[in-house]
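Residue numbers begin at 1 in each chain, while the letters A, B, ... track the order of the sequences. No experiment lies behind these values; they were computed from the predicted model shown.
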Amino acid sequence: MNNKTIKNKSNIKALNGGYAMAEALRQIKPDVMAVYPITPQTTIIETFAKMKADGLVETEIIQTESEHSAMSATIGACAAGARAVTASSSQGLLHMAETLPVVSGLGLPVLMCVSSRALSAPLNIHGEHGDVMAVRDFGWVQIFGEQAQDAYDNTIIALKLTEMAGVPVMPIMDGFHTSHTTERVEVLDDEIVTSFVGQRQAENALTDQKNPITIGTLALQSTYFEFKVDQAVAMQKVKTFYKKICVEYAKISGRKHGLLEAYKLKDADHVIVMMGATAGTVKDTVDTLRAQGKKVGLLKINLFRPFPYKEVGEELAHAKNIAVLDRAMAFGSFPPLFQDILTSMQSAGSKKHDIASYIYGIGGRDTMQSHILKVFKDLENGEISKNIKYLQ
Amino acid sequence: MNNKTIKNKSNIKALNGGYAMAEALRQIKPDVMAVYPITPQTTIIETFAKMKADGLVETEIIQTESEHSAMSATIGACAAGARAVTASSSQGLLHMAETLPVVSGLGLPVLMCVSSRALSAPLNIHGEHGDVMAVRDFGWVQIFGEQAQDAYDNTIIALKLTEMAGVPVMPIMDGFHTSHTTERVEVLDDEIVTSFVGQRQAENALTDQKNPITIGTLALQSTYFEFKVDQAVAMQKVKTFYKKICVEYAKISGRKHGLLEAYKLKDADHVIVMMGATAGTVKDTVDTLRAQGKKVGLLKINLFRPFPYKEVGEELAHAKNIAVLDRAMAFGSFPPLFQDILTSMQSAGSKKHDIASYIYGIGGRDTMQSHILKVFKDLENGEISKNIKYLQ
Amino acid sequence: MESGGIIKHDLSKSPRTGDWRYQKPAVDKDVCIGCETCAIYCPDGCIEMIKHNEDVKNKADIDYDFCKGCGVCAQVCPVKAIIMKK
Amino acid sequence: MESGGIIKHDLSKSPRTGDWRYQKPAVDKDVCIGCETCAIYCPDGCIEMIKHNEDVKNKADIDYDFCKGCGVCAQVCPVKAIIMKK
Amino acid sequence: MKLNKNTFEIIFFARGGQGAKTASELIAHAAVAEGKFVKAFPFFGPERSGAPTKMFLRVSENEIRTQEPVSDPDVVVVLDETVMDSQDVANNLDKHEILIVNSTNSKEEIRKRVPHFEGSIHVVDGNGISVDIIGKPNPNMVLIGHLIKVTEIVELESAAEIFRGVFTEKIGKDLTEKNVRAMTAGYDEL
Amino acid sequence: MKLNKNTFEIIFFARGGQGAKTASELIAHAAVAEGKFVKAFPFFGPERSGAPTKMFLRVSENEIRTQEPVSDPDVVVVLDETVMDSQDVANNLDKHEILIVNSTNSKEEIRKRVPHFEGSIHVVDGNGISVDIIGKPNPNMVLIGHLIKVTEIVELESAAEIFRGVFTEKIGKDLTEKNVRAMTAGYDEL
Amino acid sequence: MNKKLTEKLSSGHATCQGCGIPAIVRHVLAATDEPVIIANATGCLEVTTTIYPYTSWKVPYIHSVFGNAAATAAGIDAAQKALMKSGKIDKPAKIVCFGGDGGTYDIGLQALSGALERGHDFLYVCYDNEGYMNTGGQRSGATPFGANTETAPAGETSFGKAQQRKDLMEIVNAHGIKYLAQSNVAYIHDLKKKAKKALETKGPSFLLVLQPCTQLWKFPVSDYVAVGKLATETNFWPLYEIEDGKYTINNVVKNPKPIEEFLKTQGRFKHLFGEKNKERIVEIQKTVDANAEKLARKAQIS
Amino acid sequence: MNKKLTEKLSSGHATCQGCGIPAIVRHVLAATDEPVIIANATGCLEVTTTIYPYTSWKVPYIHSVFGNAAATAAGIDAAQKALMKSGKIDKPAKIVCFGGDGGTYDIGLQALSGALERGHDFLYVCYDNEGYMNTGGQRSGATPFGANTETAPAGETSFGKAQQRKDLMEIVNAHGIKYLAQSNVAYIHDLKKKAKKALETKGPSFLLVLQPCTQLWKFPVSDYVAVGKLATETNFWPLYEIEDGKYTINNVVKNPKPIEEFLKTQGRFKHLFGEKNKERIVEIQKTVDANAEKLARKAQIS
Ligand SMILES: Cc1ncc(C[n+]2csc(CCOP(=O)(O)OP(=O)(O)O)c2C)c(N)n1
Ligand SMILES: Cc1ncc(C[n+]2csc(CCOP(=O)(O)OP(=O)(O)O)c2C)c(N)n1
Ligand code: SF4
Ligand code: SF4
Ligand code: SF4
Ligand code: SF4
Ligand code: SF4
Ligand code: SF4
Ligand SMILES: [Mg+2]
Ligand SMILES: [Mg+2]
């Protein structure tokens, strides 16, 4: 994220990530928001509820009795033609898991703000990506962010993206690190956002009595496969839409977003690949090492689903050693981002690398610069373990 | 699966996969089975319910009001010290999704028989692996089978495995292809199975009033990570237990099971890697091509979680071209087995291969020998696409 | 294919559920008193009341494209005006 | 670490919730009539009735290791035998 | 026609609820009892009771591995003639293969409904025979008997034993034996 | 002590429910209003109202990227003296750094409780001052005022403006101004 | 095809021969001329009417998963309110949910309860065939005591379901909604009348409609009306309504037929007539009588 | 530490200063000398008593997720039955569930309903603080009309929650269980008596216990007993029980205090006392009166 300020178009505020998302939602003006509370998503929905109670937004809020119903009501509202949003975390994402592939399978433009958190058991309410990784294959677009500013920007971008692509989108922030941390956030003027996102133009809507549609059909052996391939194709198209929207968004905000953020990557021999809030800590570490003359760099993935295999493969082609840092556990397998990076290298036909897998920040564990230094040291020493290493 | 019959120890029956699993369950004598019906798992639970109604088994069956509760009751029963089992499919697996990482996180030895099926939307009740892939990262052991015989054998193996390893296990059969197809199944004598699986020796049990335990604690930032690493370690140990149990099982049954099944693989240049029922069709195709002098072979994965990266890498090291056939869609990514195979090759330090990704059998679509021939032809021609190909 | 399998009603795509029938209801329009009971209960909505000769009351008429031959109509008819034929 | 985080009660591992206290209840045992009301309602289970001098009735006694200083006891005491101190 | 080919493939046509599943599984059980390998599986649709449906059956001396549906059957059995109105039951049946139909119509009339089919047609009055013997229409037993005769995939006696094993308790010895007799009658029908 | 280092790091100690969050965020808002960058975040535990807790605050002229908790603060503010019984509030505070404590005790008494600490200790009677000015104990405002004085991370006036913006509507102009005065008093306290 | 009756749900669906569901749907929807939007739970109705590429539905219709019909309706309700506010629609349609007993008594109960609490504007119709039929006939919370089902089968050591069915009417009534009623597809006029009242209710309303199923209950495909009638004539299934808390029995059965009359028409109760289970029938009769009495008392005093 | 009271739940838990939950748990469990097994829903009680490495529980305890306490109990019940059969245990423990209002009225309602239908042998205790407290005070199905919460906040255009609370007692009662009762932590003797009855009931039993929460209700940490008492004295929270369908009011309040007495003790109702919302208080009083009357009628006739 490039923080160049366009003073005249922005208001600078101190907001936490939850508030930043709520602020973006307010400007987006959803017709319906159906939610169920769970830490650390509550900063979003409580802020929004208060905005509504104070007459700052007209959204119909449904305080449901569970996440399964929260997403179900969102489906109903979206299918009815409304701009429909929700928000969740952790156990909530899994409670509604049954409905998630339904949303994507139906091609409903649903926006779900996620504040990511560890999964039970044991119970832990802190930040990590285990929850969003658990639902990564459900046909939802997943956009990661680093700071509260990204939480704000990504929410606006996500809304436009979902309505343009007909694929549901999750802007994701790291629980607590982003959701509960107050930071400087540049907020756009309401009218600018309003005109940027426009109005939802529903192609099919239950409320269109002149064109009665049937949503949620049964597809037999003879047709289901085709629907799914179509869905995969629609997902692939998201990349193009996303890039386009990022360009447009840069125009109104002065802030650049994109599939990836390459930080001092160009000439880097030793590269860390990762997503989310902890990238900030890595950037500081990169600067420290660069100051010592070490050629280290960071590749931060923003668009995780659909995964930009090709672009990643290209960005990393020149690197000597690569460490992939996942903020999610893997049981009986390698972690998701690591596997996606391996796949990227194969996609790019770049087979020379040994790539190391690290897992950090599980259950809200603090990741310190010292951890990152250790990773870079491993890379420098060519210590590429075949096993996962944990930054505990 | 090696079908050498040891007549004196076995009874040969015509059973479908659902019945075969129910038969294994009857012999295992679970204390508690908590279930909720869903096609194509119903063949298991209905058969078992009838056995109970006829006094053939004493299991306490709980007919719950949802899958979320089915797994919750199973958790309660297992934590209480009982041998507890359940069964599900598709939407059912996702309905209970919230509870699945809880079972594994608590280290509860739960056995869940799965008859795999497509996920909504659109609705489709037919076979594929989309459902089990959706829950593959939840810390459960996943064992795939090909035929009804495997459904039977794997259920017994799984029970022993879960109680030995303290990790929950899913024996998986392909919905309909296995669950609803009547095949020849060799059933062991009741006493043999009973003595093979033994009695559950619960280390911790809620019913042990002398040692009152607290299950399901809250682990803060300071401890959660360690619990999860321990869990990953326990998962890794499963491979050894599994191999050991397979050896023992071969002794009582004469049937060999193991991490992998290599079919005409030794000298094969062109190899298909896959899991589940459709392997049978591939074997027939391999034979056809072998008869034409083509060096083709099949690697069938049985233990999918924990994934045998090393063993797979070794088995495939000599191959020229490899096609990985996934029976699950991938949206914005590459499919799971494909990525695991790529990872295996990197683990094995074997970087020479180009590996092709195919997706087949989605939503119960029939996969014909003609499809498989096409894949082998691609391999022969060196047509290794960078994109997923669909065998529609 | 329609995105997400979202469709609109189009009778031309309907299966002819008449194919299911192995017994066929036949209305004796002269016996029928036009009470509509059969039409109300027909599970397949395939009984229409239509003009018959000079009769004042419309009489039951069956749409065999969709009639599955269940025999509910014959059962509920108060005057047994419908019989099920092979 | 215990597998799955399954543990047994072990008071030595308990946080001293007395650290939370910024007001401290003090029982005037001579005023206390031993009615147990405070003990019953104390959210932290930290009031025990113990022998006091020659009194027949046991008197309220507070376990400051765990008393969080909420003041419930003082509130419910019918004879105001407990006062909250800074 | 003997079980001389590697795998014998049969399709049964019927309607949901008419017991085609039981029929094909009866043969499957009998074949397994004889030490053979089988795969018996329905075509699964969402169809409800009354809708046309079909069952696939493979029988072999060797392990059957393919999971493909039967697309090129050796024999087709039509348990309910009315499904022929909407289904091409003789699809992929060639001139050496057999179509068995439960009907009171003549062979010729049946052939008119599958004009492209050049193999032999066996018409069996399953309903009539079963009403005679059992007292109510249960054509499946009769047709199975006939199928066994034609294909020899299992011994008649194996099928009878299986039937007895499963049904004696459920429907009583008397009715069981009547069913077995109906099957035998189908076997004898030519 | 000025905002001369790249990033200024502060820890607030208090109890759940005592408004440490509001206090640290007030400064964060003021800093942002001055064009600075901030990160203000609590240490999250499951603790309920009454349990000791802490807040972290970073302020900088430049973008703050690290997500690490503050482990080596420049200043520590103790809003509730009683937490010192169970927490080492001066951990990693070196001799050039400052510990501000809300207390009526003497500096010396406080120092006895952090014997390893060599830097300067500021004792402010937040409760007393706020009771005097506002009429009820609201030590946070006083302590914030003092913190601003000591660190100059924001202008007193910015903090006052932020407070006015947020609270005037909620608690009325009168009470708001009293709070601002309490802050000013803290600022002036030495 | 019957023009009027198939105005909203056309022919061409794949319900079993002689299924009682379609008549319920057609007559409930015929009770209003206002626009409607349908939210359907997974189950026989859904699966048989929406097989791609054909839908029998001529009115807007949505299905997503099994247990969420009421929650989906909640979303539609909120959407309509929002779209009214912003002037994108002129008039809200009446939202009608259809759910089977499984989707209502069991897996969809919580969503229903939440939607009732929040007071959305919708009618929920539960067609009650007393079992999970779409999956082949398993026990549900609505399955009556003693019935033989696939997951609570009768056998050597079992007489079928050992528990009483849930009293869904009372559960729903506990939510204090304005109108709810119990009806029976065999009494179409009763059903139509109640549907009309329910559709005219502002806020949530509820109908529980008995729907004999040929497959689970095991009776000839021509007999759903006859079997349904017996359910009411034996007091197994009284017809009543609750308006603003007030109970009205719509067809006080003076001389109820013995419960055997109902039970014996159905294969699912066949095992009860054996020597071993005879007592169960006495038990069932007692429960039916006690329930009828309780209901009568409520009608009297409310 | 009080020896007797901490026999099952020790001190050392992290409940807020002045929380009403622990007294409920301690006194319910003190009502039996039989062994118990606890199943707990996610919520304040769970989170504050089981922070690794310390558990306050001295009796067997399980928590797994938020909405499944009753289903977990069902599994334990079945396990005990099976282990009894196989002789592995001598005697089943009494299973006691504790769930907050969120975990009972809302996300755990379905699991509770299913377990009640199946008739498991367990006591379910809902401690009702009228909101989701563990997550910081959001509205639940138990939150009363007019209360200010984080997700139904009072504001310019809102007076707090706009719906009535669910009548959970009636919902549970509709399941026909033998014993259920409404109690209040401020009335420990009432609670103990009811707990004893409930624990002695064979099959499912249920207790709904009011638990004033300092954080949500916003009153001084010393006041939970006083605030709880007012809830009953104003008839906002009558104490009653239902045994085999028969209602008994345990403390007929002759001259109920006006509802303001209760409301004014709590910050969550503060906004109602402003000019704008005054009418809401009248409305609340009406509802309280109507409910009391309804309850009295039920007690009379049942
Ligand atoms: C989460 C989930 N569990 C189970 C199923 C399988 N299932 C689909 S419909 C159905 C039964 C429906 O029963 P009911 O609601 O009574 O409707 P009916 O089929 O009788 O019309 C079941 C168990 C599912 N689709 N989703
Ligand atoms: C599926 C799921 N959704 C949401 C949450 C977050 N959550 C945990 S406890 C809780 C509130 C509990 O409220 P209640 O049951 O009333 O108990 P209390 O906290 O008031 O004791 C919530 C919303 C969760 N843990 N799981
Ligand atoms: S037989 Fe059945 S489907 Fe045909 S018209 Fe009569 S009632 Fe309708
Ligand atoms: S029920 Fe009989 S009399 Fe009435 S309309 Fe139908 S056919 Fe005619
Ligand atoms: S102050 Fe609170 S915690 Fe301490 S003894 Fe009194 S009631 Fe118990
Ligand atoms: S409440 Fe008061 S009088 Fe009663 S025991 Fe406690 S201190 Fe003594
Ligand atoms: S199974 Fe029953 S409810 Fe379902 S379509 Fe058939 S008759 Fe109707
Ligand atoms: S928030 Fe309320 S219920 Fe939760 S521990 Fe604190 S006082 Fe108790
Ligand atoms: Mg049903
Ligand atoms: Mg609560």
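With a threshold of 4.5 angstrom between heavy atoms, Ile89(H) approaches chain B through side-chain atoms but not through N, CA, C or O. When heavy atoms are compared at a cutoff of 4.5 Å, Thr64(B) approaches chain H by way of both its backbone and its side chain. Contacts between Lys85(H) and chain B at a heavy-atom distance below 4.5 Å involve the side chain alone, from C-beta outward. Contact annotation for Tyr224(B): neither backbone nor side-chain heavy atoms come within less than 4.5 Å of a heavy atom of chain H. Proximity to chain B (any heavy atom under 4.5 Å) is shown, for Ala39(H), by neither the backbone nor the side chain. When heavy atoms are compared at a cutoff of 4.5 Å, Thr207(B) approaches chain H by way of both its backbone and its side chain. For Ile76(H), the parts lying under 4.5 angstrom from a heavy atom of chain B are both the backbone and the side chain. Proximity to chain H (any heavy atom under 4.5 Å) is shown, for Leu206(B), by both the backbone and the side chain. Interface residue Gln63(B): only backbone heavy atoms are found under 4.5 Å from chain H.
Contact count versus chain H (heavy atoms, under 4.5 Å) is highest, among Ser69(B), Ala77(B), Ala82(B), for Ala77(B). Chain H forms more heavy-atom pairs under 4.5 Å with one residue of Ser72(B), Ala84(B), Gly216(B), Ser222(B) than with any other, namely Ser72(B). Heavy-atom pairs under 4.5 Å with chain H peak, among Glu65(B), Gln199(B), Glu58(B), at Glu65(B).
A donor atom on one side chain and an acceptor atom on the other are not found under 3.5 Å apart for His68(B) and Ser66(B). Judged by distance alone, the side chains of Thr149(H) and Arg139(H) never bring a donor and an acceptor atom under 3.5 Å apart.
Salt bridge annotation for Lys94(H)-Asp121(H): present, with a cationic side-chain nitrogen under 4.0 angstrom from a carboxylate oxygen.
By the 4.5 Å heavy-atom criterion applied to side chains, Arg305(B) and Met235(B) are counted as neighbours. Annotation: side chain of Ile213(B) is not in contact with side chain of Tyr61(H) (no heavy-atom distance under 4.5 Å). Thr214(H) places none of its side-chain heavy atoms less than 4.5 Å from the side chain of Gln17(H).
Within 6.0 Å of the CD atom in Glu248(B), the count of heavy atoms belonging to other residues, nucleotides or ligands exceeds 12.
Not less than 6.0 angstrom separates the ring centroid of Tyr127(H) from the ring centroid of Phe98(H).
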